[in-house]
Engineer: 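My questions all concern the structure below.
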Amino acid sequence: MSVEQIVSVIHALPMAVLLIGRDERVRAANPCVDAILGTDLVGKHYITALRQPAVIAAIGETQRSGAAQVVRYNGRSGPKDTVYKVSVAAADGDILLTFEDQTAAEEAGQMRRDFVANVSHELRTPLTALLGFIETLTGAARDDPAARDRFLGIMAHEANRMTRLVDDLMSLSRVEEDERVRPREHVDLAALLSSVIKGLEPQASAAGVTVTLDLMTSDEIVPGDAGQLVQVFTNLVENAIKYGASGGEVSVSLMPREMHQRLRREAVQVSVADRGDGIPEHHIARLTERFYRVDNHRSREVGGTGLGLAIVKHIINRHRGRLLIESAEGEGTKVSVFLPVSAVS
Ligand code: ADP
């Protein structure tokens with residue numbers, strides 16, 4: 001095959017392909033190669049073009065033995081590390097290199113490993129506490145009714161914590177599963193918010209917080225999943241009560257539909273605002289990550305699992321809406337949800 005024919009064939013391929021001639025110089029490279037190795041490689045010696053020892057060794061091996069090799073190529077794209085699987089094969093005296101992008105797969109693998117490590121850690125802490133108390137109750141505190149009552153109380157607290165974690169994990173996995181399915185119900189937001197607030201009254205009064213509902217419109221019906229939207233607003237109001245209790249007030253407001261630039265469609269806004277301590281700026285972008293907490297100790301103390309906002313974010317994505325967290329230290333936090341008023345195609 002002439003170089004022109006090879007070039008036109010490899011240009012049609014969707015992955016990076018590079019051909020090294022018998023003279024050990026690059027004979028041809030397609031445009032996908034540019035992003036990985038840079039431009040103007042044709043004519044250069046392959047050692048200069050590729051530079052990574054593992055790849056260079058694999059080419060040498062294929063030249064010697066004719067056997068195909070597979071190696072890893074660690075690259076960089078802007079600020080991001082990239083990983084490619086490079087197949088090196090002999091092709092009629094030339095050597096053909098193909099690059100398969102493994103970056104997304106590696107990232108997904110890493111996320112899975114981190115997630116399992118996080119869940120294990122979250123479960124291990126209450127389990128260790130439970131096992132410790134069981135040991136004490138069967139040993140030293142066996143005949144001490146006062147200690148027994150106190151320890152059983154703590155054990156119940158730890159067991160509840162594990163139950164909440166397992167519930168939230170199941171909820172997260174259900175929500176992730178549904179994310180691509182459009183919600184089909186029509187939801188009356190004013191009624192839904194009133195019922196959420198009513199349900200949280202005992203929690204609010206126990207924390208010394210008054211929750212108010214400000215309906216600037218009362219007949220907003222949006223396409224949605226009522227059960228999931230209850231979950232969203234319960235979570236946001238609960239967070240405002242838990243973390244903003246020092247402000248004594250939480251206000252929930254429903255604003256009428258308006259054109260929303262980012263969503264490029266009309267949307268209603270529901271905001272949950274507290275007057276608590278607020279959240280330092282650098283934490284805000286990460287709050288919707290699983291298990292991310294500003295203050296681990298405080299979250300555990302108030303019964304948090306660190307999964308609430310991750311669940312909220314997934315539900316809002318399913319509704320093709322937007323979540324906005326604004327906070328000023330010492331002044332409070334306002335979390336707004338924008339929900340499209342018409343079904344998004
Ligand atoms: P958690 O189960 O820990 O409450 P979330 O995902 O709901 O988890 O929230 C993540 C973290 O965001 C919380 O641990 C808390 O640090 C912070 N946070 C959420 N809402 C508020 C709020 N209204 N005021 C201050 N901090 C908040």
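For the single chain, residues carry numbers from 1 onward in sequence order. Atoms within each ligand, like the ligands themselves, are counted from 1 in listed order. From a predicted model like this one, the values you see are computed outputs, not experimental measurements.
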Engineer: Indicate yes or no: does Glu301 engage Lys242 in a salt bridge with an N to O separation below 4.0 Å.
Structural biologist: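 Salt bridge between Glu301 and Lys242, a charged N being under 4.0 Å from a carboxylate O: no.
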Engineer: Can you tell me if Gly244 contacts ligand 1 (heavy atom of the residue under 4.0 Å from the ligand)?
Structural biologist: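 No, Gly244 has no heavy atoms under 4.0 Å from ligand 1.
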Engineer: Could you find the nearest protein heavy atom to atom 12 (O) of ligand 1 and give me its residue, atom name and distance?
Structural biologist: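 That would be Leu287 CD2, 3.4 Å.
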Engineer: Could you identify the single nearest non-hydrogen protein atom to atom 8 (O) of ligand 1 and state the distance to 0.1 Å?
Structural biologist: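 That would be Gly306 CA, 3.3 Å.
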Engineer: My understanding is that only one of Val187, Leu189, Leu263 makes a side-chain contact (heavy atoms from CB on, under 4.5 Å) with Leu339; could you say which?
Structural biologist: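 The residue from Val187, Leu189, Leu263 that satisfies side-chain contact (heavy atoms from CB on, under 4.5 Å) with Leu339 turns out to be Leu189.
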Engineer: Give me the residue, atom name and distance of the protein heavy atom closest to atom 10 (C) of ligand 1.
Structural biologist: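 Protein heavy atom at minimum distance: Tyr292 O, 3.4 Å.
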Engineer: Looking at Phe115, is Arg290 sitting on its ring face, NZ or CZ under 6.0 Å from the six-membered ring centre and within 45 degrees of the normal?
Structural biologist: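 Output yes; distance and angle both within limits.
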Engineer: State whether the side chain of Glu100 and the backbone N or O of Thr98 hold a donor-acceptor pair below 3.5 Å, judged by distance alone.
Structural biologist: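 Side chain of Glu100 to backbone of Thr98, a donor-acceptor pair under 3.5 Å: no, none is there.
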Engineer: Heavy-atom contacts under 4.0 Å between Asp274 and ligand 1: side chain, backbone, both, or neither?
Structural biologist: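 For Asp274, the contact with ligand 1 is made by the side chain alone.
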Engineer: So, does Lys242 sit close enough to ligand 1 that a heavy atom of it is under 4.0 Å from the ligand?
Structural biologist: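 Under 4.0 Å: yes for Lys242.
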Engineer: What protein heavy atom sits nearest atom 7 (O) of ligand 1, and how far off is it?
Structural biologist: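 Among all protein heavy atoms, the one nearest atom 7 (O) of ligand 1 is Asn239 ND2, 2.9 Å.
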Engineer: Got a salt bridge between Arg293 and Glu122, using NZ or NE/NH1/NH2 to carboxylate O under 4.0 Å?
Structural biologist: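 Yes, Arg293 and Glu122 are salt-bridged.
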Engineer: Going by the side-chain hydrogen bond (donor to acceptor under 3.5 Å, both in side chains) test, name the single residue among Ser251, Ser336, Ser253 that passes it with Ser271.
Structural biologist: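 Exactly one pass, corresponding to Ser336.
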Engineer: Check ligand 1 against Ser299 and write out every atom of the ligand that is under 4.0 Å from a heavy-atom position of the residue.
Structural biologist: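 By the 4.0 Å cutoff, the relevant atoms are 1 (P), 3 (O), 14 (O).
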Engineer: Heavy atom under 4.0 Å from ligand 1: found in Leu309's side chain, backbone, both, or neither?
Structural biologist: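 Both parts.
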Engineer: For atom 16 (O) of ligand 1, what is the nearest protein heavy atom, given as residue, atom name and distance?
Structural biologist: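 Going atom by atom, the protein heavy atom closest to atom 16 (O) of ligand 1 ends up being Val294 N, 3.1 Å.
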Engineer: When you check the gap from the basic side-chain N to the acidic O, do Glu179 and Arg318 get nearer than 4.0 Å?
Structural biologist: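 Here Glu179 does not pair with Arg318 in a salt bridge, since their nearest N and O are not under 4.0 Å apart.
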Engineer: Say whether Ile279, considering both its backbone and side-chain N or O atoms, lies within less than 3.5 Å of an N or O atom on ligand 1.
Structural biologist: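 No, there is no polar N/O contact under 3.5 Å.
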Engineer: Any nitrogen or oxygen of Gly304 lying under 3.5 Å from a nitrogen or oxygen in ligand 1? Just yes or no.
Structural biologist: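 Between Gly304 and ligand 1, no N or O pair is found under 3.5 Å apart.
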Engineer: To which residues is Met111 joined in a hydrophobic cluster, defined by side-chain heavy-atom contacts under 4.5 Å among Ile, Leu, Val, Met, Phe, Trp and Tyr, whether direct or through other members?
Structural biologist: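 Noted: Met111 shares its cluster with no other residue.
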Engineer: Name the closest protein heavy atom to atom 4 (O) of ligand 1, giving the residue it belongs to and the distance to 0.1 Å.
Structural biologist: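 Of every protein heavy atom, Tyr243 OH, 2.6 Å lies nearest to atom 4 (O) of ligand 1.
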Engineer: Under 4.0 Å, heavy atoms only, figure out whether ligand 1 is touched by the backbone of Asn235, its side chain, both or neither.
Structural biologist: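 For Asn235, only side-chain atoms sit under 4.0 Å from ligand 1.
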Engineer: I need the atoms of ligand 1 closer than 4.0 Å to a non-hydrogen atom of Arg293, numbered in the order shown.
Structural biologist: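 Those atoms are 3 (O), 14 (O).
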Engineer: May I ask you to list the atoms of ligand 1 that are less than 4.0 angstrom from any heavy atom of Thr305?
Structural biologist: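 Here the atoms of ligand 1 in question are 1 (P), 2 (O).
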Engineer: State whether Glu177 and Arg174 are salt-bridged, where the test is any N-O pair (Lys NZ or Arg NE/NH1/NH2 against Asp/Glu carboxylate O) under 4.0 Å.
Structural biologist: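 Salt bridge absent between Glu177 and Arg174.
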Engineer: Which residues pass the ring-ring contact (aromatic ring centres under 6.0 Å, His included) test with Phe233, not counting sequence neighbours?
Structural biologist: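 For Phe233 there are no ring-ring contact (aromatic ring centres under 6.0 Å, His included) partners, ignoring immediate neighbours.
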